[in-house]
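Everything below concerns the one structure shown next.
Positions are given from 1, in the same order as the sequence printed here.
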Amino acid sequence: MITLSIIQPKDIKEILSRRKRIAVVGLSDKPNRTSYQVANYMRQAGYTIIPVNPTVDEVFGIKAVPTLKDVDGSIDIVNVFRRSDALLEVAKETVDVQAKVFWAQLGLYHQEAESYLAKHHIPTIMNQCIKVAHQHYIL
């Protein structure tokens with residue numbers, strides 16, 4: 001599923017080309033976890049990664065913060081690695097911190113979160129891996 005505001009492939013390419021500061025919600029400090037592998041790929045591709053997880057101290061040597069509201073500075077992309085039932089809560093935080101884009105990883109979708117983000121004019125991508133999109137549209 002993609003958002004109600006209909007994100008086109010050219011929009012994804014533009015997002016990944018222009019938006020370089022990614023807050024990764026649910027980022028694990030365990031190298032065998034998908035969130036770690038995807039965030040590490042994006043970090044190596046030149047993106048700034050901000051770990052957002054109240055259960056870890058740091059990831060990649062970067063201090064983790066418990067919530068999006070604890071991030072210093074602006075957020076370009078909120079990349080979510082949480083269960084679908086947590087997406088509405090993260091969507092509300094995304095709006096509160098005025099992040100530019102909401103991106104829920106492959107397998108994650110929540111209709112109410114999608115509608116809420118559309119109402120607040122936040123470009124939204126759900127059920128798509130940011131790493132795969134980067135490999136497809138940027139490389």
Side-chain angles (χ1 to χ4, degrees):
M1 298 287 161
I2 305 294
T3 187
L4 296 172
S5 57
I6 311 296
I7 298 291
Q8 300 292 325
K10 68 177 180 53
D11 300 321
I12 293 173
K13 184 174 183 176
E14 181 178 338
I15 287 167
L16 293 172
S17 296
R18 294 184 52 228
R19 305 291 183 194
K20 300 294 184 176
R21 194 160 192 258
I22 305 173
V24 184
V25 177
L27 178 55
S28 174
D29 60 354
K30 295 175 177 67
N32 63 328
R33 300 295 297 265
T34 303
S35 62
Y36 183 99
Q37 294 166 7
V38 169
N40 193 41
Y41 169 88
M42 297 304 286
R43 184 175 66 90
Q44 291 176 349
Y47 294 80
T48 300
I49 300 298
I50 305 155
V52 180
N53 187 334
T55 67
V56 301
D57 293 326
E58 65 177 39
V59 184
F60 315 125
I62 305 163
K63 182 173 174 23
V65 296
T67 71
L68 290 173
K69 293 176 183 178
D70 298 304
V71 173
D72 286 332
S74 64
I75 300 170
D76 289 331
I77 300 171
V78 173
N79 185 213
V80 187
F81 286 89
R82 299 267 320 271
R83 294 188 331 235
S84 291
D85 62 4
L87 292 182
L88 181 57
E89 174 188 339
V90 179
K92 289 177 179 179
E93 276 192 43
T94 298
V95 170
D96 289 345
V97 301
Q98 300 178 342
K100 310 296 186 283
V101 176
F102 181 93
W103 194 308
Q105 279 299 124
L106 189 63
L108 300 179
Y109 177 76
H110 191 281
Q111 175 66 47
E112 193 176 347
E114 180 183 63
S115 297
Y116 183 84
L117 291 158
K119 176 182 167 187
H120 289 89
H121 310 289
I122 303 287
T124 302
I125 300 159
M126 292 190 185
N127 193 27
Q128 186 170 6
C129 178
I130 196 169
K131 174 185 170 186
V132 171
H134 182 269
Q135 291 170 335
H136 183 77
Y137 294 109
I138 303 300
L139 294 184

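There is a path of hydrophobic side-chain contacts, each under 4.5 Å, that joins Tyr109 to Tyr116. Note: the hydrophobic cluster containing Ile7 does not contain Val132 (ILVMFWY, side chain heavy atoms under 4.5 Å, direct or indirect links). The hydrophobic cluster containing Tyr41 also contains Ile12, counting ILVMFWY residues as joined when their side-chain heavy atoms lie under 4.5 angstrom apart, directly or transitively.
Sorted by first then second residue, the ring pair (Phe, Tyr, Trp, His ring centres under 6.0 Å) pairs that include residues 73-103, not counting sequence neighbours, number zero. Listed by first and then second residue, the salt bridge (Lys or Arg N to Asp or Glu O under 4.0 Å) pairs that reach into residues 86-111 are Lys69-Asp96, sequence neighbours excluded. The list of ring pair (Phe, Tyr, Trp, His ring centres under 6.0 Å) pairs with a residue in residues 49-69, not counting sequence neighbours, reads Tyr36-Phe60. Evaluation of the salt bridge (Lys or Arg N to Asp or Glu O under 4.0 Å) test over residues 39-58, restricted to residues two or more places apart or in two chains, returns none.
The nearest pair of heavy atoms linking Ile77 to Ile75 is O-CG2, 3.5 Å. For Leu108 against Ser84, the heavy-atom pair with the smallest separation is CA-OG, 3.4 Å. Taking each heavy atom of Tyr47 and Arg19 in turn, the nearest pair found is CE2-O, 3.3 Å. In plain terms, the two heavy atoms of Val90 and Arg82 that are nearest each other are CG2-NH1, 4.2 Å. Considering all non-hydrogen atoms of both residues, Leu16 and Ala133 come closest at CD1-C, 3.8 Å. The shortest non-hydrogen separation linking Val52 to Val71 is CG2-CG2, 4.2 Å.
When each of Leu68, Val101, Ile22, Val24 is paired with Val78, the side-chain contact (heavy atoms from CB on, under 4.5 Å) condition holds for Leu68 and for no other.
Asp72 CG: 12 or fewer foreign heavy atoms inside a 6.0 Å radius.
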How far apart are the C-alpha atoms of Thr34 and Leu106, what are their side-chain angles, what is the distance that settles it, and do they pass the side chain to side chain contact (heavy atoms under 4.5 Å, CB included) test? CA-CA 11 Å; Thr34 303; Leu106 189 63; over 6 Å; no
Under the side chain to side chain contact (heavy atoms under 4.5 Å, CB included) criterion, do Val56 and Leu27 qualify, and how do the steps go? CA-CA 9 Å; Val56 301; Leu27 178 55; over 6 Å; no
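Asn53 meets the side chain to side chain donor-acceptor pair (under 3.5 Å) test with Thr55; sequence neighbours excluded. Applying the side chain to side chain donor-acceptor pair (under 3.5 Å) test to Asp85 and every residue at least two apart in sequence or in another chain returns Arg83. Applying the side chain to side chain donor-acceptor pair (under 3.5 Å) criterion to Arg21, with sequence neighbours excluded, gives no partner residue. A search for side chain to side chain contact (heavy atoms under 4.5 Å, CB included) contacts involving His136 returns nothing, not counting sequence neighbours. A search for side chain to side chain donor-acceptor pair (under 3.5 Å) contacts involving Asp29 returns nothing, not counting sequence neighbours. Remark: Glu112 pairs with Leu88, His110 by the side chain to side chain contact (heavy atoms under 4.5 Å, CB included) rule, at least two apart or across chains.
In this structure a side-chain-to-backbone donor-acceptor pair under 3.5 Å is missing from Asn40 to Gln37. With hydrogens and angles disregarded, a donor-acceptor distance shorter than 3.5 Å links the side chain of Asn127 to the backbone of Gly107. Side chain of Ser28 to main chain of Ser35: no donor-acceptor pair is present (N/O by atom type, distance under 3.5 Å, no hydrogens or angles).
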